[in-house]
Amino acid sequence: MASSEAGGVVIVGSGLIGRSWAMLFASGGFQVKLYDIEQQQITSALDSIRKEMKSLEQCGALKGSLSAEQQLSLISGCANIAEAVEGAVHIQECVPENLELKKKIFTQLDGLVDDRVVLSSSTSCLLPSKLFVGLAHVKQCIVAHPVNPPYYVPLVELVPHPETSPATMDRTHALLRKIGQSPVRVLREIDGFVLNRLQYAIISEAWRLVEEGIVSPSDLDLVMSDGLGMRYAFIGPLETMHLNAEGMISYCDRYSEGMKRVLKTFGPIPEFSRATVEKVNQDLCLKVPDDPGHLAARRQWRDDCLMRLAKLKSQVQPQ
Ligand code: NAI
């Protein structure tokens with residue numbers, strides 16, 4: 001039996017994201033309880049986690065210092081939420097993206113917990129001020145938004161409610177660092193948080209360039225995967241500026257006029273019109289036909305690439 005860290009973690013919702021969180025917390029030595037409203041989901045989560053951990057161990061990609069069996073011994077299912085949260089230090093909610101459902105879960109948790117546990121949501125886009133409104137334990141509430149697949153993409157956006165205490169932010173940040181994730185502090189809530197705002201800015205210009213016939217959809221994707229994306233896996237856009245001249249001040253001296261000139265030519269928010277959607281889809285389907293089999297195979301390939309990239313990053317960037 002593996003020795004577990006003091007206090008346990010509870011995962012509420014044992015779907016795609018709940019399973020990943022369970023594996024990550026177990027890799028850090030935490031006792032994990034998986035809760036779900038559907039008993040079948042808990043059973044299938046435990047089964048798929050076992051298979052995945054064994055296969056990760058075989059290919060040398062299992063996280064943490066414990067063996068797969070040791071990590072698996074830390075994860076158990078629990079069909080009763082009151083029992084599950086007893087003694088927990090962190091509760092990670094992973095139920096479907098539905099404000100009313102999530103509010104109901106947090107109201108239920110609010111009535112069960114003391115003032116020592118952190119109540120955290122995996123929501124991709126619901127604002128903390130809407131999600132945690134009226135809770136007695138609002139100071140202990142935070143959004144911890146992971147990126148799919150969280151086992152290979154370590155970023156987690158931490159987004160506070162206006163009343164979230166700094167201690168909750170600090171504790172969650174430290175906990176996520178401990179399990180090998182890469183948390184960032186979003187200092188004030190904003191629609192889309194940070195990752196999706198950046199992503200939508202890119203999608204927006206990509207769409208305009210394709211719609212205006214400047215570049216084909218497949219070449220547009222290549223600009224990112226074989227161009228910008230190569231750098232961005234290691235350094236962000238701001239550090240890129242810093243390195244592409246003699247520091248940030250020199251970059252802005254040299255290039256800010258050019259950047260502003262180009263930025264002024266950016267068009268309005270795309271309509272994502274049917275005609276362009278069909279054109280882009282046709283192009284993409286030549287590469288990846290949109291039937292479930294081809295999509296699943298391509299996702300598997302993507303995850304394998306991400307796993308290798310994660311390994312490379314851990315070698316070049318000592319934690
Ligand atoms: P999912 O649909 O795979 O899993 C949701 C689970 O919640 C299911 O097992 C379901 O039975 C359970 N559930 C439903 N009602 C419940 C209740 N009342 N009590 C307990 N469990 C309940 O959803 P997924 O993809 O795991 O998403 C979960 C959250 O993570 C969402 O808020 C989503 O926006 C967020 N997220 C998802 C990402 C993704 O790529 N799928 C990426 C980042 C965040």
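Each ligand, and each atom within it, is numbered from 1 in the order the structure gives. Quick note: numbers below take in every heavy atom, side chains included, and nothing from hydrogens, waters or symmetry partners.
A centroid separation of less than 6.0 Å is found between the aromatic rings of H90 and F25.
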List, one per line, each side-chain donor-acceptor pair under 3.5 Å for residues 229-244, sequence neighbours excluded.
residue, atom, partner, partner atom, Å
T240, OG1, G236, O, 2.8
H242, ND1, M248, N, 2.9

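Taking NZ from K103 and CG from L135, the interatomic distance works out to 9.0 Å, rounded to the nearest 0.5 Å.
Salt bridge R208/E212: absent, no basic N to carboxylate O contact under 4.0 Å.
Residues passing the salt bridge (Lys or Arg N to Asp or Glu O under 4.0 Å) test with R188: none are found, sequence neighbours excluded. Residues satisfying the salt bridge (Lys or Arg N to Asp or Glu O under 4.0 Å) test with K102, not counting sequence neighbours, are E93, E97.
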Could you list each nitrogen or oxygen of ligand 1 that sits under 3.5 Å from a protein nitrogen or oxygen, with the atom names and the distance?
residue, atom, partner, partner atom, Å
ligand 1, 3 (O), L16, N, 3.1
ligand 1, 9 (O), G15, N, 3.4
ligand 1, 9 (O), D36, OD2, 2.7
ligand 1, 9 (O), Q41, NE2, 2.6
ligand 1, 11 (O), D36, OD1, 2.7
ligand 1, 11 (O), D36, OD2, 3.4
ligand 1, 21 (N), I37, N, 3.4
ligand 1, 26 (O), L16, N, 3.3
ligand 1, 26 (O), I17, N, 2.8
ligand 1, 32 (O), V95, O, 3.3
ligand 1, 32 (O), E97, OE1, 2.5
ligand 1, 32 (O), K102, NZ, 2.6
ligand 1, 34 (O), E97, OE1, 2.8
ligand 1, 34 (O), S124, OG, 2.8
ligand 1, 36 (N), S124, OG, 3.4

